[in-house]
Protein chains: 2
Amino acid sequence: MYSQTAPLAANSGRPADVPALPLNQVVLGDSVREMAALPPGSVDLVFADPPYNLQLGGELKRPDESRVDAVDDAWDQFESFQAYDAFTRAWLLAARRALKPNGTLFVIGSYHNIFRVGALMQDLGFWILNDIIWRKANPMPNFRGRRFTNAHETLIWAARSADAKYTFNYEALKAGNDDVQMRSDWLFPLCTGQERLKDAGGRKLHPTQKPEALIARILLSATKPGDVVLDPFFGSGTTGAVAKRLRRSFIGIEREEAYAEAARTRIDAIEPLSEEALVAPPSAREAPRVAFSALVERGLVTPGAELTDAKGRFRAVVRADGTISLSGGQNVGSIHRVGALAQGAEACNGWTFWHVEQEGRRHPIDVLRARLRAEMGIAAE
Amino acid sequence: MYSQTAPLAANSGRPADVPALPLNQVVLGDSVREMAALPPGSVDLVFADPPYNLQLGGELKRPDESRVDAVDDAWDQFESFQAYDAFTRAWLLAARRALKPNGTLFVIGSYHNIFRVGALMQDLGFWILNDIIWRKANPMPNFRGRRFTNAHETLIWAARSADAKYTFNYEALKAGNDDVQMRSDWLFPLCTGQERLKDAGGRKLHPTQKPEALIARILLSATKPGDVVLDPFFGSGTTGAVAKRLRRSFIGIEREEAYAEAARTRIDAIEPLSEEALVAPPSAREAPRVAFSALVERGLVTPGAELTDAKGRFRAVVRADGTISLSGGQNVGSIHRVGALAQGAEACNGWTFWHVEQEGRRHPIDVLRARLRAEMGIAAE
DNA sequence: CCGAGTTATGAATCCCACA
DNA sequence: ATGTGGGATTCATAACTCG
């Protein structure tokens, strides 16, 4: 198919009764059955993005009355937790069989399914190395204001067994991360824009296409060039596209012909990176965003403290939850809103409007924010 | 102990055979037994930081450090996990019994135990609302360089059942977060420095003392002042200290006398915040209902007045009974229904959709409602 | 061509008081 | 318990429109 460092080695020297690996192919079929057809102990990494079993109720609308396009596909419907567990157990066992003794497994999921998956992994003897958080830079908001914005997904990284000598490219990751260790929380945007595959009607081809950057981080962390990556829920083929670009081999299993075909076309168009390009590029850092409540929580401002504007005309009291209340009224809200209310303005930057008196001097609360940012330093991203 | 909004109410009016709540006390004893001794349906929130390295009858090893022969490996793990699951199931059931029907539960854990806890919670009927990531600003590095820096812990927030009407202080959290929704990833530093309790020898008193800021975020999110918070693994008493400061009641259960005693001393020294620093900011949801007809009756809008949408595309006339009629048709109904009809939408918030022109300016009728609410508020005093 | 304004959308377990 | 209807609710990003 395309030049690889070691694809042939993976198939050479096998006995006549052991099937060949379908390297760099999209296999149409059931995950468990097709994994069972692979030679045991033959893949270096499994990346699995199984159905999440979302259990959605009715339809959900945005405040502007537009309808949220829910994941209501048949493949995400399970009768019960018991049925989901049986499904999970079956594919985990098949994946474990396909893994080399020193291979590792990544699974991604949400709170709907990840706890069940993780517990079953432990039951089956997988050895968890890390849980990893994909922090979404641009998650969908919670439209009804009834929960925290669901702004992350969870990955579990596990070795086939506790004593495995697994691959972890520690030095490369650290070098690409401004020379500090790669943490267990990763920040990436959703897969949108040009990267998102569209069908003939211009609609998204697959409801849950993952960003290539996320898969790239995984392959760069836990595989070497030429390694074999198995994805039993191939979908739109992101794993294959990234594997080809990073000069890894892949095996994709996908049940739906439409997805499999789209994935083949997608992967064919990929040009593998040059050998020397396969070093992790340094990641850029962002200015940390700090909320006023963080200042209160951290004790840089104490609840009950008084805020004033620069000239001392308006006064407000800091509350424990990070809101403030305007003196002489019952107006309570954010530093920005209350600042706007005080002035009768439509908007206000509370960070520069409000001041605190500390150590005999009055200074804007923005100074405290700067101090907190400095304290948080590297970790804030 | 200290002034609370409602501690007495929680114990009043109970039948003679129902035990009193040990409010604002540290109970020395076993979590499951002491929770079973509480009256059922009596607490608003449970915060649990369960151990994951229990030595149950010598059977259970630390999940992350057990080094056993490969031969016994799987069996031993199974035994260990089974014991841990039994322990988890027992305390989750006891906590569920102690919770009010609309109460919620927070559990914190790491990849060693959180998957088992989460799966069991689902099995027992808890309804997961969010999983929340505590991102550590200053995590301990991975010294061996064999894994990602373990830079977070996971919290699970769950209601007692799927149909519960749980407390979530959405508006306050948003206002304290620069007016954007609070996300599921929270950044806090570890508990260090002055906050960290020390024993007589100057060593840390408790191995897993949580930062007060983390607990404060939880209580401010999911409880009201005066609510009862139960912590079955009280340890150094962080939950009690934060509850007292935020004027919530607490019940702490701790097995080890040394921790219980240290917690009591710690909590006694806490001074509750002022009421002003804690009163909930007004939320639109909880604002007193004002009917549009009340505006007409009070003369803030006169019958016959014309309403338009923001851009003047739709017009309606106000009727004496508080209904409106769409111009150019015979549609009559509430401001909401007619607004929906005008746009061909399923629903519409008439308060923000319809505008009136008064004193030469066009503003939403919600402004008039706010004015009436203010008048009523003054009249009520 | 550029900038401002508008529209579209993403793995979502998303209301609640009252009759 | 079930149905009805008032009315509360969104953030980041990309694409598109228009002047």
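Within every chain, numbering begins at 1; the chains are lettered A, B, ... in the order of the sequence lines, protein sequences first and strands thereafter. These numbers were taken from a predicted model, which means no experiment stands behind them.
If you check dG6(D), dA15(D), dA12(C) against the side chain of Ala70(A), the one that comes closest is dA12(C). Of the candidate nucleotides dC11(D), dT9(C), dA11(C), dT9(C) has the atom nearest to the side chain of Ser66(A). When the nucleotides dT9(D), dT13(C), dA11(C) are ranked by their closest atom to the side chain of Ala284(B), dT9(D) comes out on top. Among dA11(C), dG6(D), dT10(D), the nucleotide with an atom closest to any side-chain atom of Thr208(A) is dA11(C). Residue Tyr52(A) has its side chain nearest to dA11(C) when only dT9(D), dA11(C), dT13(C) are considered. Side-chain proximity of Arg196(A) to dT13(C), dG10(C), dT10(D): nearest is dG10(C). Nearest to the side chain of Lys136(A), among dT13(C), dC14(C), dA11(C), sits dA11(C). Considering only the side chain of Leu190(A), dA11(C) comes nearest among dG7(D), dC11(D), dA11(C). The side chain of Lys165(B) has dC16(C) as its nearest neighbour among dG5(D), dT9(C), dC16(C). The side chain of Phe143(A) lies closest to dT10(D), out of dT13(C), dA11(C), dT10(D).
Nucleic acid contact for Cys191(A): none, since no nucleic acid atom lies under 4.0 Å from a heavy atom of the residue. In this structure, Pro50(A) reaches the bases: a heavy-atom distance under 4.0 Å links it to at least one base atom across the strands shown. Using a 4.0 Å heavy-atom criterion, one finds that Asn150(A) contacts the sugar-phosphate atoms exclusively. Across all strands, Leu129(B) comes closer than 4.0 Å to no nucleic acid atom at all (heavy-atom distances). In this structure, Asp69(A) reaches the sugar-phosphate backbone alone: every heavy-atom distance under 4.0 Å involves primed, P, OP1 or OP2 atoms, never a base. If you check every strand for non-hydrogen atoms under 4.0 Å, Arg369(B) touches sugar and phosphate atoms only. Residue Lys61(A) is out of contact with every strand shown, counting any heavy-atom pair closer than 4.0 Å. Across all strands, Asp131(B) comes closer than 4.0 Å to no nucleic acid atom at all (heavy-atom distances). When heavy atoms are screened at a 4.0 angstrom cut-off, Glu171(B) is found touching the sugar-phosphate backbone but no base atom. Residue contacts shown for Pro139(A) include a base, since a base heavy atom lies under 4.0 Å away. Within the nucleic acid shown, Ala291(B) has no heavy atom closer than 4.0 Å to any nucleic acid atom. Within the 4.0 angstrom heavy-atom criterion, only backbone atoms of the sugar-phosphate kind lie near Ser334(B); the bases stay farther away. Among the heavy atoms of the strands lying under 4.0 Å from Gly58(A) is at least one base atom, whether or not backbone atoms are also near.
Nucleotides dC1(C) and dT17(D), compared at atom C1', are 15 Å apart to the nearest Å. Taking atom C1' in both dT9(C) and dT10(D), the straight-line distance is 12 Å, to the nearest Å. dA12(D) and dC14(C) are spaced 22 Å apart, taking the P atom of each and rounding to whole Å.
Each of Arg285(B) and Lys311(B) has a nearest nucleotide on DNA chain C; the 5'-most of these lies closest to Lys311(B). Judged by closest nucleotide on DNA chain D, Phe292(B) is the one of Gln181(B) and Phe292(B) placed further toward the 5' end. Residue-to-nucleotide proximity on DNA chain C shows that, of Arg289(B) and Arg144(A), the 5′-proximal contact is made by Arg144(A).
The shortest distance between the side-chain N/O atoms of Lys174(B) and the OP1/OP2 oxygens of dT10(D) is below 4.0 Å. Close to dG10(C), at under 4.0 Å from its OP1 or OP2, lies no side-chain N or O of Gln209(A). Using a 4.0 Å cut-off, some side-chain N or O of Tyr170(B) falls inside it from OP1 or OP2 of dT10(D). The side chain of Thr192(A) places no N or O atom within less than 4.0 Å of a non-bridging phosphate oxygen (OP1 or OP2) of dA14(D). When the side-chain nitrogen and oxygen atoms of Asn138(A) are compared with OP1 and OP2 of dT13(D), none of them lie within a distance under 4.0 Å. Side-chain N/O atoms of His336(B) include one lying less than 4.0 angstrom from OP1 or OP2 on dG7(D). Using a 4.0 Å cut-off, some side-chain N or O of Arg146(A) falls inside it from OP1 or OP2 of dC16(C).
Ring centroid separation for the pair Phe78(A) and Phe87(A) comes in under the 6.0 Å cut-off. In summary, the aromatic rings of Phe233(A) and Trp75(A) are positioned with their centroids too far apart to meet the 6.0 Å limit.
Following rounding to the nearest Å, Ile133(A) (CD1) and dA11(C) (P) show an atom-to-atom distance of 17 Å. Distance CG (Leu187(A)) to P (dA12(D)): 13 Å, rounded to an integer number of Å. Nucleotide dT9(C) holds its P atom 8 Å from the CZ atom of Arg62(A), rounded to whole Å. The distance between atom CZ of Arg67(A) and atom P of dC14(C), rounded to the nearest whole Å, is 15 Å. In this structure, CD of Glu153(A) is placed 11 Å from C1' of dG10(C), rounded to the nearest angstrom. Rounded to whole angstrom, the span from the CD atom of Glu195(A) across to the P atom of dA15(D) amounts to 12 Å. In this structure, Arg147(A) atom CZ and dT9(D) atom P are separated by 18 Å, rounded to whole Å. Note: CZ (Phe353(B)) to P (dG6(D)) measures 15 Å, nearest angstrom.
The closest donor-acceptor contact from the side chain of Asn130(B) to the backbone of Phe148(A) lies under 3.5 Å. Remark: side-chain polar atoms of Asn177(B) are not paired, donor with acceptor, to backbone N or O of Asp179(B) under 3.5 angstrom.
Aromatic stacking of Trp127(B) on dT13(C): satisfied, with centres closer than 5.5 Å and planes within an angle under 30 degrees.
Each of His206(A), Glu212(A), Arg266(A) was compared with Thr238(A) under the side chain to side chain donor-acceptor pair (under 3.5 Å) criterion, and only Arg266(A) meets it.
Shown here, dT13(C) forms no base pair; nothing in the strands shown gives a Watson-Crick or G-U wobble contact with both key distances under 3.5 Å. Judged by Watson-Crick or G-U wobble contacts below 3.5 Å, the nucleotide dT9(D) has no partner. Under the Watson-Crick or G-U wobble criterion, with both distances below 3.5 Å, dC2(C) is paired with dG19(D). dA19(C): Watson-Crick or G-U partner is dT2(D), with both key distances under 3.5 Å.
A cation-pi contact, defined as under 6.0 Å to the ring centre and within 45° of the axis, links Arg369(B) to Trp351(B). Both cation-pi conditions hold for Arg96(B) and Phe126(B): the charged atom is under 6.0 angstrom from the six-membered ring centre and inside a 45 degree cone around its axis.
Look at dT13(C): its glycosidic torsion is within 90° of 0, and that puts it in the syn range.
Note on Asp64(A) versus Arg62(A): no salt bridge recorded, every NZ/NE/NH1/NH2 to OD/OE distance being 4.0 Å or above.
Here the side chains of Leu155(A) and Ile218(A) are in contact, with some heavy-atom distance below 4.5 Å.
Judged by distance alone, with hydrogens and angles left aside, Arg337(B) brings no side-chain donor or acceptor close enough to the base of dG7(D) to form a pair under 3.5 Å.
In this pair, Tyr166(B) and Trp157(B) present their aromatic rings perpendicular. The plane angle is above 60°, beyond the 30 to 60° band.
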